[in-house]
Amino acid sequence: MAKPRKKADDWWRGAVIYQVYPRSFQDTTGDGMGDLRGITKRLGHIASLGVDAIWLSPFFKSPMADMGYDVSDYCDVDPMFGTLADFDAMLAEAHRLGLKVIIDQVISHTSDQHPWFVESRSSRNNPKADWYVWADPKPDGTAPNNWLSIFGGPGWEWDGVRKQYYMHNFLISQPDLNFHNPDVQEALLKTVRFWLDRGVDGFRLDTVNFYFHDRKLRDNPPHEPDPEAVGLDAPDVNPYGMQTHRYDKTQPENVAFLKRFRALLDEYEGRATVGEVGDGARSLKTVADYTSGGDKLHMCYTFDLLGPDFTADHVRKCVQSFQRAVTDGWVCWAFSNHDVNRHVSRFIRAPEERERIAKLAITLLSTLRGSICLYQGEELGLTEADLAFEDLRDPYGIRFWPAFKGRDGCRTPMPWQHGEAHAGFSTGKPWLPVPQDHARLAVDVQEKIAGSVFNHYRATLAFRREHETLHDGDMSFLHSNHDILAFTREKGGEKLLFVFNLTHEKAEFVPAKSLKLGAPLSVPGFGAKLKDGTIELDGLDMACVRL
Ligand code: TEU
């Protein structure tokens with residue numbers, strides 16, 4: 001298990017966070033959907049990876065239109081996942097195993113079934129009339145402005161009772177809360193306190209830059225291409241990408257709210273936040289604004305490494321633009337999560353590269369400066385499941401099929417035991433099928449194979465733990481052929497050189513004469529290849545040398 005290695009309050013800096021998607025982790029009731037007791041049962045698996053924390057996707061009461069990202073009660077567990085007592089038991093067991101627990105706060109919007117919205121939509125003068133973003137139609141009856149929903153169609157929905165439109169960034173059933181109203185902020189912070197008092201160690205803040213909208217409801221301008229942009233907010237089949245989102249999100253008022261949020265957190269010890277920033281070309285600037293100064297968020301993640309690109313140029317560009325934009329903030333890097341195609345499938349050119357890419361990717365992620373998020377199943381090298389239209393549950397995919405198949409392909413159940421029905425996930429029919437080729441990669445199979453992807457994850461994360469430099473040491477890029485990623489990590493007396501070849505051809509890296517090469521370091525899965533002062537690499541290979 002991870003040995004304690006830093007100030008208790010600073011555990012998040014450089015932490016490895018394992019994301020659990022509860023619906024697909026482990027079912028204990030036979031209803032085909034994962035639950036909190038299932039998570040408790042499998043915490044040993046997570047702890048055995050040597051991670052610092054888990055992030056649980058939402059398990060709150062919800063009609064599940066967006067798989068729980070549409071909350072109807074922030075302070076209760078959905079019966080599908082269990083009870084508050086199950087949550088407490090899970091939390092206690094996680095803490096016993098030395099794991100911190102981060103939960104997902106989805107406070108930009110609620111479900112339309114939330115009592116706040118039910119009341120808000122009942123009239124124009126009820127006490128919660130202004131809790132959501134309501135606006136009159138234009139004189140011709142159309143929506144107040146041109147804002148769009150990420151999940152397709154206009155960002156406004158007509159309500160016949162109020163004879164007004166309400167705003168939604170996602171589904172029609174996910175109305176957007178009005179953060180300009182201080183009562184809304186107050187009510188949300190109360191729900192945050194509820195979980196802090198229960199003992200959670202932190203929060204992943206869903207769509208943290210979507211909290212506020214422009215009060216004047218100005219139209220967004222058309223998208224202006226930015227050659228420096230690295231992040232994508234939505235697949236290119238989505239007209240959402242045709243606007244610059246100047247007015248529907250990332251408003252300056254948010255910074256003051258994030259300070260309030262932090263002040264609440266700081267009443268408790270050792271709690272942390274990781275914000276999700278989906279802000280296209282502006283993402284890194286937003287991360288800088290939200291994580292600088294030590295009085296707002298602890299860290300953020302963006303969509304920069306969640307795209308199709310796995311080249312040295314791309315990784316260098318992401319990290320360097322981050323370093324330029326964010327001087328005293330902190331990032332959380334990830335290659336996968338519950339919203340994007342699994343990275344092995346994004347990065348491979350041929351099926352036989354699966355294992356190699358899975359190993360190279362986690363080794364790279366573990367050596368970047370920042371905290372890192374892993375997504376359940378990536379430790380098995382799982383590929384994106386190829387689902388039929390009839391199998392889809394994600395409304396986003398159903399809406400944009402077949403041009404975009406949505407997010408179900410990365411949300412299929414965890415395969416635990418090869419020989420069991422549905423690979424040990426559930427005794428009943430799972431809500432999404434377990435692909436055959438995932439069952440072959442089940443945990444019980446890979447545990448027994450010395451060089452499996454799963455054991456490579458354990459060894460690589462142990463390597464990261466052993467080298468303090470990798471947690472928060474400085475990171476500088478070295479001049480190299482553009483196909484090669486060469487950088488140093490340095491802290492205290494330790495300085496390490498890392499060289500990655502993300503191409504398929506052999507390559508070499510000749511370090512500058514001024515670099516005093518020390519002993520090559522053996523990194524799990526990748527031998528050291530130093531010959532006469534030159535580092536020789538195979539395709540999809542890496543090496544580490546002490547400086
Ligand atoms: O995601 C926000 C978000 O930006 C994504 O919708 C993203 O644009 C898309 O998934 C890329 O494919 C968060 C949650 O992570 C997501 O699961 C929710 O559906 C969404 O918010 C609404 O709460």
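Every number for a ligand or one of its atoms is a count from 1 in the order of the listing. Hydrogens, waters and symmetry mates play no part in the numbers below; they use all other heavy atoms, side chains included. Just so you know, these numbers come straight off a predicted model, no measurement behind them.
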What atoms of ligand 1 come closer than 4.0 angstrom to any heavy atom of [X]?
X: H338; value: 14 (C), 15 (O), 16 (C), 17 (O)
X: R411; value: 17 (O)
X: R407; value: 10 (O), 16 (C), 17 (O), 18 (C), 19 (O)
X: H109; value: 22 (C), 23 (O)
X: D66; value: 18 (C), 19 (O), 20 (C), 22 (C), 23 (O)

Backbone, side chain, both or neither: what part of [X] comes under 4.0 angstrom of ligand 1, heavy atoms only?
X: R204; value: side chain
X: D339; value: both
X: M67; value: neither
X: K249; value: neither
X: Y69; value: both

Is a side-chain donor-acceptor pair under 3.5 Å present for [Y] with [X]?
X: D27; Y: T29; result: yes
X: H338; Y: Y69; result: yes
X: Y301; Y: R204; result: yes
X: H343; Y: S336; result: yes
X: S371; Y: R13; result: no

More than 12 heavy atoms of other residues, nucleotides or ligands under 6.0 Å from CG of D386: is that the case?
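It does not: D386 CG has 12 such atoms or fewer within range.
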
Counting heavy atoms only, which of D206, V106, D70 is nearest atom 21 (O) of ligand 1?
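The option holding the nearest heavy atom is D206.
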
Hey, can you tell me if F25 and Y18 have their rings parallel, tilted or perpendicular (30° and 60° cut-offs)?
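Perpendicular: the ring planes of F25 and Y18 meet at over 60°.
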
For F210, is the nearest heavy atom under 4.0 Å from an atom of ligand 1?
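The answer is no, since F210 has no heavy atom less than 4.0 Å from ligand 1.
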
Less than 3.5 Å between some nitrogen or oxygen of T207 and one of ligand 1, yes or no?
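No; the residue has no nitrogen or oxygen that sits under 3.5 Å from a nitrogen or oxygen of the ligand.
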
R407 with D339: basic N within carboxylate O range, under 4.0 Å:
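Looking at R407 and D339, the cut-off is met.
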
Side-chain donor or acceptor of Q174 paired with backbone N/O of H109 under 3.5 Å:
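Judged by distance alone, no pair lies under 3.5 Å.
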
